Amino acid sequence: MSLPKVVTHQDRLLSVNIHDVPEFPGSEAGSTITPLFLDRENGIWVLYGKFEPGTQLPPHFHTGTVHFFTTKGQWNYVEYPEDPQTAGSYLYEPGGSVHTFSVPADAKEAAEGFMVVYGANVIFKDGEFDSVRDAGAIEAGILAAAQRAGMPVPKYIRPAGGARFSNE
């Protein structure tokens with residue numbers, strides 16, 4: 001069998017370095033995110049997150065799966081205190097899971113890591129629905145933050161799909 005014909009041509013690799021992209025405020029105080037890949041149409045988002053000691057995100061429900069690789073520090077889900085995630089930990093979360101992300105207040109450093117999320121996080125506060133966080137909401141927040149700061153649009157990978165007829 002011969003090498004297949006190139007179907008998707010690339011002039012360059014699609015690559016982003018977390019050191020070349022600014023951090024943006026996360027959804028809660030004490031958190032920042034660096035966008036790496038935001039796909040509104042397929043509901044996939046890849047971020048590098050930093051979470052300072054004492055940071056706790058509100059409880060949330062995942063509509064799809066999540067992969068989280070911890071690069072620094074320690075964190076855990078409030079619901080699973082016996083399973084702390086430390087540097088080098090890889091966590092798989094099935095769709096339909098519910099939990100509360102937390103960094104211990106006495107942690108010596110921020111918890112950091114890469115997350116690959118399929119679908120949305122449905123956020124709850126005080127036991128009631130609050131909001132939905134998906135690739136589109138994250139992108140809108142990042143673009144608004146960049147505009148407020150007078151920054152150019154940050155570099156991240158964004159598939160250029162869209163709805164159109166196949167013969168256009």
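Here the structure is a predicted model, which means the values were calculated and not measured. Counting begins at 1 with the first residue of the sequence.
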If you look at every heavy atom in [X] and [Y], which pair is closest and at what distance?
X      : Y      : result
Val16  : Pro35  : CG1-O, 4.5 Å
Ser31  : Phe51  : CB-CD2, 3.6 Å
Pro58  : Ile123 : CG-CG2, 3.5 Å
Pro154 : Ile142 : CG-CG2, 3.8 Å

Discussion item. The test is side-chain contact (heavy atoms from CB on, under 4.5 Å); show your working for Leu57 and Trp75 and say whether it passes.
Written reply: CA-CA 11 Å; Leu57 305 182; Trp75 63 275; over 6 Å; no
Discussion item. As a test of understanding, state which of Thr65, Ile44, Val66, Thr63 forms a side-chain contact (heavy atoms from CB on, under 4.5 Å) with Val117.
Written reply: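 Option passing the side-chain contact (heavy atoms from CB on, under 4.5 Å) with Val117: Val66.
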Show every donor-acceptor pair shorter than 3.5 Å between a side-chain atom in residues 132-140 and any protein atom, with sequence neighbours excluded, or say none if there are none.
| residue | atom | partner | partner atom | Å |
| --- | --- | --- | --- | --- |
| Asp134 | OD1 | Gly136 | N | 3.2 |
| Asp134 | OD1 | Ala137 | N | 2.8 |
| Glu139 | OE1 | Arg40 | NE | 2.4 |
| Glu139 | OE1 | Arg40 | NH2 | 3.3 |
| Glu139 | OE1 | Arg158 | NE | 3.0 |
| Glu139 | OE1 | Arg158 | NH2 | 3.4 |
| Glu139 | OE2 | Tyr156 | OH | 2.6 |
| Glu139 | OE2 | Arg158 | NE | 2.7 |

Membership question, hydrophobic clusters at under 4.5 Å side-chain separation (ILVMFWY): are [Y] and [X] in the same one?
X      : Y      : value
Tyr92  : Val116 : no
Val21  : Val46  : yes
Ile157 : Phe24  : no
Phe68  : Leu47  : yes

Would you find a donor on one side and an acceptor on the other, under 3.5 Å apart, between the side chain of [X] and the backbone of [Y]?
X     : Y      : value
Trp45 : Gly119 : yes
Gln85 : Asp83  : yes
Thr55 : Gly30  : yes

Item to complete: State whether the number of non-hydrogen atoms from other residues, nucleotides or ligands found under 6.0 Å of Asp126 atom CG is greater than 12.
Response: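 No - once you tally the heavy atoms of other residues, nucleotides and ligands closer than 6.0 Å, there are 12 at most.
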Worksheet item: Is Glu128 atom CD crowded by more than 12 heavy atoms from other residues, nucleotides or ligands, each under 6.0 Å away?
Response: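 Incorrect, the count does not exceed 12.
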Fill in: Contacts of type ring pair (Phe, Tyr, Trp, His ring centres under 6.0 Å), residue Tyr90, not counting sequence neighbours
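Per chain and number, Tyr90 pairs via ring pair (Phe, Tyr, Trp, His ring centres under 6.0 Å) with His67.
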Fill in: Spatial distance of atom OG (Ser89) from atom CD (Gln74) [nearest 0.5 Å]
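So the OG of Ser89 and the CD of Gln74 are separated by 9.0 Å.
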Worksheet item: For the atom pair CG (Asn121) and CG (Asp130), what is the distance rounded to the nearest 0.5 Å?
Response: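 Reported value, rounded in 0.5 Å steps: 12.0 Å.
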Item to complete: Apply the test side-chain contact (heavy atoms from CB on, under 4.5 Å) to residues Phe114 and Ile18: give CA-CA distance (whole Å), side-chain angles for both, the deciding distance (0.1 Å), then the verdict.
Response: CA-CA 10 Å; Phe114 290 94; Ile18 63 170; 3.9 Å; yes
Worksheet item: Which ring-ring contact (aromatic ring centres under 6.0 Å, His included) pairs, counting each pair once, include a residue from residues 117-154, with sequence neighbours left out?
Response: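 Non-adjacent pairs meeting ring-ring contact (aromatic ring centres under 6.0 Å, His included): zero.
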Residues 95-112, side-chain donor-acceptor partners within the protein, below 3.5 Å, at least two apart:
| residue | atom | partner | partner atom | Å |
| --- | --- | --- | --- | --- |
| Ser97 | OG | Pro94 | O | 3.0 |
| His99 | NE2 | His60 | NE2 | 3.4 |
| His99 | NE2 | His62 | NE2 | 3.0 |
| His99 | NE2 | Tyr77 | OH | 3.3 |
| His99 | NE2 | Glu93 | OE1 | 3.1 |
| Thr100 | OG1 | Glu79 | OE2 | 2.8 |
| Glu109 | OE2 | Gly73 | N | 3.3 |
| Glu112 | OE1 | Tyr48 | OH | 2.6 |

Discussion item. Quick test of your reading: applying salt bridge (Lys or Arg N to Asp or Glu O under 4.0 Å), list the pairs with at least one residue in residues 42-55, sequence neighbours left out, ordered by first then second residue.
Written reply: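 Qualifying pairs: Glu23-Lys50.
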Practice prompt. Answer yes or no: is there a side-chain heavy-atom contact under 4.5 Å between Pro22 and Met151?
Written response: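 A side-chain contact under 4.5 Å exists here.
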Practice prompt. Quick one: list whatever passes side-chain contact (heavy atoms from CB on, under 4.5 Å) with Leu3, sequence neighbours left out.
Written response: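 By the side-chain contact (heavy atoms from CB on, under 4.5 Å) rule, Leu3 matches no residue at all.
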